[in-house]
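What follows is a set of notes on a single structure, which appears directly below.
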Amino acid sequence: MSRVLIKAARVVVLGGAWFFAVASGLYAAGAGASQLIGPNTSSTLYGTYVEGERYEAVKLTYDTAAEHLFAGVQALFVFGCLVLSTGRRLALRRIGHLGLIVWAGLWLGNMIRFLFIEEVWITVVTTAVIAFLFACTVLRAVIGWTPRSA
């Protein structure tokens with residue numbers, strides 16, 4: 001592989017991982033803050049009706065005040081992991097990367113679940129995008145895992 005392709009792939013991986021972490025962290029922060037706007041606000045990452053039954057994303061659906069508070073905690077977790085993953089200390093950087101992988105895995109796991117519930121084109125495309133961003137998150141961790149990468 002040429003150096004140009006490797007550099008381009010690295011930019012795509014790092015950009016995808018950062019985009020996912022920031023965008024999903026902002027989603028969680030917005031869901032947490034929505035309770036301040038209206039007390040009966042409901043936020044869900046993804047939901048669908050199949051044969052009259054409602055299915056929603058697990059741990060990414062917020063209906064009650066406690067769940068909205070949990071969304072705020074999730075946002076702090078994501079942004080905290082982002083900060084840790086950029087640090088100089090190897091152990092803390094690895095913890096940050098692992099936290100971001102768990103977060104991305106939660107999103108991917110929910111989307112795979114929805115593929116089994118309802119296989120429509122938008123779910124397939126969304127799952128593919130989330131899978132790509134999960135892969136970017138894992139590859140970013142691989143890139144930043146060694147002491148030399150600090």
Side-chain angles (χ1 to χ4, degrees), residues 8-145 149-150:
R10 183 180 171 102
V11 167
V12 169
V13 163
L14 295 177
W18 272 96
F19 169 77
F20 177 75
V22 171
S24 63
L26 289 175
Y27 164 78
S34 68
Q35 186 67 19
L36 300 173
I37 297 167
N40 294 326
T41 310
S42 177
S43 302
T44 186
L45 165 68
Y46 200 84
T48 188
Y49 285 96
V50 176
E51 297 176 5
E53 191 170 340
R54 177 79 176 157
Y55 295 90
E56 294 177 335
V58 177
K59 299 297 180 200
L60 294 170
T61 298
Y62 315 102
D63 294 319
T64 66
E67 289 171 342
H68 283 84
L69 179 62
F70 180 63
V73 170
Q74 286 177 323
L76 290 174
F77 172 79
V78 171
F79 292 124
C81 285
L82 265 177
V83 169
L84 287 176
S85 72
T86 60
R88 303 286 280 158
R89 303 223 21 200
L90 183 62
L92 294 177
R93 191 168 66 237
R94 287 179 175 176
I95 290 169
H97 283 303
L98 289 174
L100 292 171
I101 290 170
V102 167
W103 176 249
L106 174 65
W107 282 62
L108 181 58
N110 270 295
M111 291 313 303
I112 290 171
R113 176 176 164 257
F114 279 109
L115 276 179
F116 287 102
I117 292 170
E118 179 183 52
E119 191 176 318
V120 295
W121 72 270
I122 191 69
T123 306
V124 173
V125 170
T126 304
T127 303
V129 169
I130 296 296
F132 170 75
L133 295 173
F134 174 80
C136 288
T137 302
V138 171
L139 290 172
R140 179 177 175 261
V142 169
I143 291 169
W145 199 256
S149 62

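Between Phe70 and Lys59 the shortest side-chain heavy-atom distance falls below 4.5 Å. Inter-residue side-chain proximity for Phe79 and Val83 is flagged as unmet; no heavy-atom pair is nearer than 4.5 Å. In this structure the side chain of Val124 never reaches within 4.5 angstrom of the side chain of Val120, judged on heavy atoms. Side-chain contact between Leu100 and Phe77 is absent, with no heavy atoms from C-beta onward closer than 4.5 Å.
Tyr27 and Ser43 make their closest contact through OH-C, 4.2 Å (heavy atoms, listed as atom of the first residue, atom of the second, distance). The shortest heavy-atom contact between Cys81 and Gly99 is SG-CA, 3.7 Å. In terms of heavy atoms, Ile122 sits closest to Thr126 at O-OG1, 2.7 Å. Between Ala75 and Gly25 the shortest heavy-atom distance is CB-O, 3.6 Å. The minimum heavy-atom distance linking Ala21 with Ser24 is given by the pair O-OG, 3.4 Å.
Between the side chains of Glu118 and Thr123, no donor-acceptor pair of N or O atoms lies under 3.5 Å. Tyr62 and Gln74 are linked by a side-chain donor-acceptor pair at a separation below 3.5 angstrom, with hydrogens and angles left out of the test. For the residue pair Thr48 and Arg54, no side-chain donor N or O sits within less than 3.5 Å of a side-chain acceptor on the partner.
In this structure, OH in Tyr55 is found 14.0 Å from OG1 in Thr61, a value given to the nearest 0.5 Å. Between Glu67 atom CD and Leu60 atom CG the span is 11.0 Å, to the nearest 0.5 Å. Between Ile101 atom CD1 and Thr137 atom OG1 the span is 7.5 Å, to the nearest 0.5 Å. One distance of note links CZ of Phe20 with CH2 of Trp107; it measures 5.5 Å at 0.5 Å rounding. Between the OH atom in Tyr46 and the CD atom in Glu56 there is a gap of 13.0 Å [rounded to 0.5 Å]. Note that OG of Ser42 and NE2 of His68 are 6.5 Å apart. Values are rounded to the nearest 0.5 Å.
Using modelled atom types, no side-chain atom of Arg140 and backbone atom of Val13 make a donor-acceptor pair closer than 3.5 Å. For the pair Asn110 (side chain) and Ala57 (backbone), a donor-acceptor distance under 3.5 Å is absent. Side chain of Arg93 to main chain of Thr86: no donor-acceptor pair is present (N/O by atom type, distance under 3.5 Å, no hydrogens or angles).
Within 6.0 Å of CZ in Arg10 there are 12 or fewer heavy atoms belonging to other residues, nucleotides or ligands.
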